Structures are given as structure tokens and as C-alpha cells.
J.: 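Just dropping this structure here.
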Amino acid sequence: MRTMIVTGTGTDVGKTVVVAAVAALARAAGERVTVLKPAQTGVAEDEPGDLAAVVRLAGAVDTLELARFPEPLAPATAARRAGAMPVMAAQVVEAVRGLEGTADLVLVEGAGGLLVRLNDLHETLADVASGLAAPVLLVASAGLGVLNSAALTAEALARRGVPLLGTVVGALPERPDLAERTNLDDLPRVTDAPLLGVLPAGLGGVDHDAFLVAARCGLGPVLGGGWSPQTSS
């Protein structure tokens with residue numbers, strides 16, 4: 001069983017769409033896929049969350065949500081304000097290991113960035129990655145300011161001895177500006193890890209068939225697609 005941790009350079013960078021794209025390609029290749037969300041925040045109990053979006057886009061993948069908190073805050077803060085038990089890193093690790101034999105690929109989607117706190121013990125998604133000895137896929141925004149966030153994420157992972165698999169730009173505008181174009185070249189330089197794909201903005205609203213085509217075109221071979229850096233220029 002392979003496990004991949006998916007984090008972002010911040011919020012609203014296309015992380016859920018990238019998770020769905022990786023899941024869709026793995027499923028199309030015949031793999032059993034489970035997407036695990038340790039903590040869903042900002043969504044009421046009866047509302048669809050990120051995992052519902054993954055299923056809508058990727059198709060029949062298994063999902064597992066460990067906790068849900070109604071306020072759109074960091075998991076530690078949202079749990080504290082809700083008077084609920086927070087998610088612990090060991091709990092996530094145990095949940096992933098419990099999927100052995102039922103999944104070929106497990107994608108763990110974090111909330112926001114790498115060092116967003118899961119609980120008041122200061123545990124983060126980086127602790128989950130360390131506990132699972134799993135590589136991290138970084139989903140980056142396209143525009144100005146992302147290089148700093150990406151470099152800090154790569155540095156935090158390196159300090160913990162956690163491998164950074166690479167970076168995917170989650171939502172490139174149809175007409176990228178100068179920063180958005182040059183960042184495609186600079187992201188591998190500041191992270192010391194390859195650019196593994198570029199997905200166009202707006203994919204969250206397409207149907208499954210169109211999404212699968214976009215995933216194949218927008219993600220590189222490591223993630224099951226046919227994209228290469230030359231196609232982004």
C-alpha cells in the first residue's frame with residue numbers, strides 16, 4: 001500500500017482538486033484508492049465537504065473523514081471552540097495503517113498548509129507524514145508570493161527528514177500573468193523538488209469524464225498522467 005500526504009502552500013490553492021486528480025488516475029489504472037481527511041473544518045454535519053467533491057470528480061473512491069468541526073478555522077482552534085476532541089497525529093497514522101489490505105493508494109489531505117495545527121499539542125500534518133514515513137505532495141498557488149511559502153514548506157520537511165515528492169500548481173489561470181508564468185520555472189528551484197503538474201483553474205466544476213482527461217493532461221507520470229514541464233510553457 002502506498003501512502004501520499006497532500007498539503008498546500010495555503011488555503012484555496014486547489015488541494016482537493018489535485019487529490020481528486022491523483023485519485024482519478026489511480027482508479028482508472030485499476031488501483032483501489034482511499035482518500036482520508038483528518039479534519040474537515042467550516043462545514044456543518046449535513047453539508048458536503050471536501051471528500052464529497054473528491055468522489056464527484058474522481059468517481060467511486062473510498063473516503064474516510066476522522067473529524068468535522070463547523071467553524072472555518074485551523075483544526076486545533078475549531079476543535080477547541082466546538083468543545084470537541086481534536087485530531088491526534090497518532091490517530092491519523094493508525095487510521096491509515098488500518099487500510100492495509102483494502103487500498104493500494106491512500107491519499108491524506110490536510111487542512112491548509114503543512115504546519116497548521118491539528119491540536120493543542122502542536123501536532124501538524126508533518127507529524128503524520130513522519131509517523132507514516134510517507135512522501136508529501138505540495139499543492140501550490142500560481143501567483144506572486146508562492147515561492148516563499150513553497151520554500152518554507154520544503155525547508156520544514158527537510159528538517160524533519162520527510163521527502164517532498166514534488167509540487168503541483170493547483171489552479172493556473174487561463175491567461176497567467178508574468179509571476180504565474182515564471183513561478184512554474186522557479187518552484188522547482190526554491191523547493192529542490194520537481195514540478196509534477198499544472199492543473200487549470202475551474203476544474204472543480206467539470207464532469208467526471210472531462211476531469212479525467214484534464215488530470216491526464218495536467219499531472220506528470222509520477223502521478224499517473226502524461227504532463228511534462230515542456231507542455232506548461
Side-chain angles (χ1 to χ4, degrees), residues 4 6-29 33 35 37 42-43 48-59 61 72 107 109-114 136-154 164-233:
M4 185 186 304
V6 184
T7 191
T9 53
T11 58
D12 299 324
V13 297
K15 191 164 63 269
T16 298
V17 169
V18 171
V19 168
V22 175
L25 292 176
R27 178 176 174 268
V33 182
V35 179
K37 184 81 174 178
V43 178
D50 291 342
L51 294 182
V54 169
V55 171
R56 177 174 54 80
L57 294 169
V61 299
L107 299 168
E109 181 186 350
L114 179 72
V136 171
L137 179 65
L138 177 62
V139 180
S141 60
L144 198 63
V146 70
L147 298 181
N148 180 66
S149 301
L152 289 171
T153 301
L164 176 58
L165 184 66
T167 303
V168 172
V169 172
L172 186 71
E174 184 178 358
R175 294 180 177 83
D177 62 23
L178 178 61
E180 290 161 342
R181 295 195 305 272
T182 59
N183 282 344
L184 299 183
D185 293 325
D186 287 336
L187 278 166
R189 295 187 175 101
V190 302
T191 60
D192 198 27
L195 185 65
L196 297 179
V198 177
L199 294 178
L203 276 188
V206 305
D207 64 27
H208 169 70
D209 291 340
F211 184 77
L212 184 58
V213 171
R216 286 196 175 114
C217 293
L219 296 182
V222 170
L223 301 176
W227 177 90
S228 68
Q230 289 74 27
T231 63
S232 66
S233 58

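Each residue takes its place number in the sequence, starting with 1. Treat the numbers as computed from the prediction; the structure is a model and nothing was measured.
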J.: Sequence neighbours excluded, which residues qualify as side-chain contact (heavy atoms from CB on, under 4.5 Å) partners of A26?
T.: E31, V33, L105
J.: Would you say that L187 contacts L147 through its side chain, given a criterion of any heavy-atom pair below 4.5 Å between the two side chains?
T.: yes
J.: Using atom types as modelled and distance alone, determine if a side-chain donor or acceptor of R56 lies under 3.5 Å from a backbone N or O of H208.
T.: no
J.: Any heavy-atom pair between the side chains of V198 and V168 that's under 4.5 Å?
T.: no
J.: Determine the minimum heavy-atom distance between V206 and L57, stating which atoms define it.
T.: O-CD2, 3.7 Å
J.: Counting distance only, does the side-chain N/O of T9 pair as donor-acceptor with the main-chain N or O of A140 below 3.5 Å?
T.: no
J.: If you define the side chain from C-beta out and look only at heavy atoms, does anything of L196 sit under 4.5 Å from L219?
T.: no
J.: Do L212 and L25 make a side-chain contact, defined as non-hydrogen atoms from C-beta onward lying under 4.5 Å apart?
T.: yes
J.: For V169 and A142, work out which heavy atoms get closest and say how close.
T.: CG1-CB, 3.9 Å
J.: Are any of the side-chain heavy atoms of V17 and F211 separated by less than 4.5 Å?
T.: yes
J.: Counting N and O atoms only, with roles assigned by atom type, does the side chain of R189 sit under 3.5 Å from a partner on the main chain of D185, one being a donor and the other an acceptor?
T.: yes
J.: Please check: side-chain N/O of R181 versus main-chain N/O of P176, any donor-acceptor pairing under 3.5 Å?
T.: yes
J.: Sub-3.5 Å donor-acceptor pair from the side chain of D177 to the main-chain atoms of E180, do we have one?
T.: yes
J.: How would you list, by chain and number, every residue that makes a salt bridge (charged side-chain N to carboxylate O under 4.0 Å, His left out) with K37, sequence neighbours excluded?
T.: D50, E109
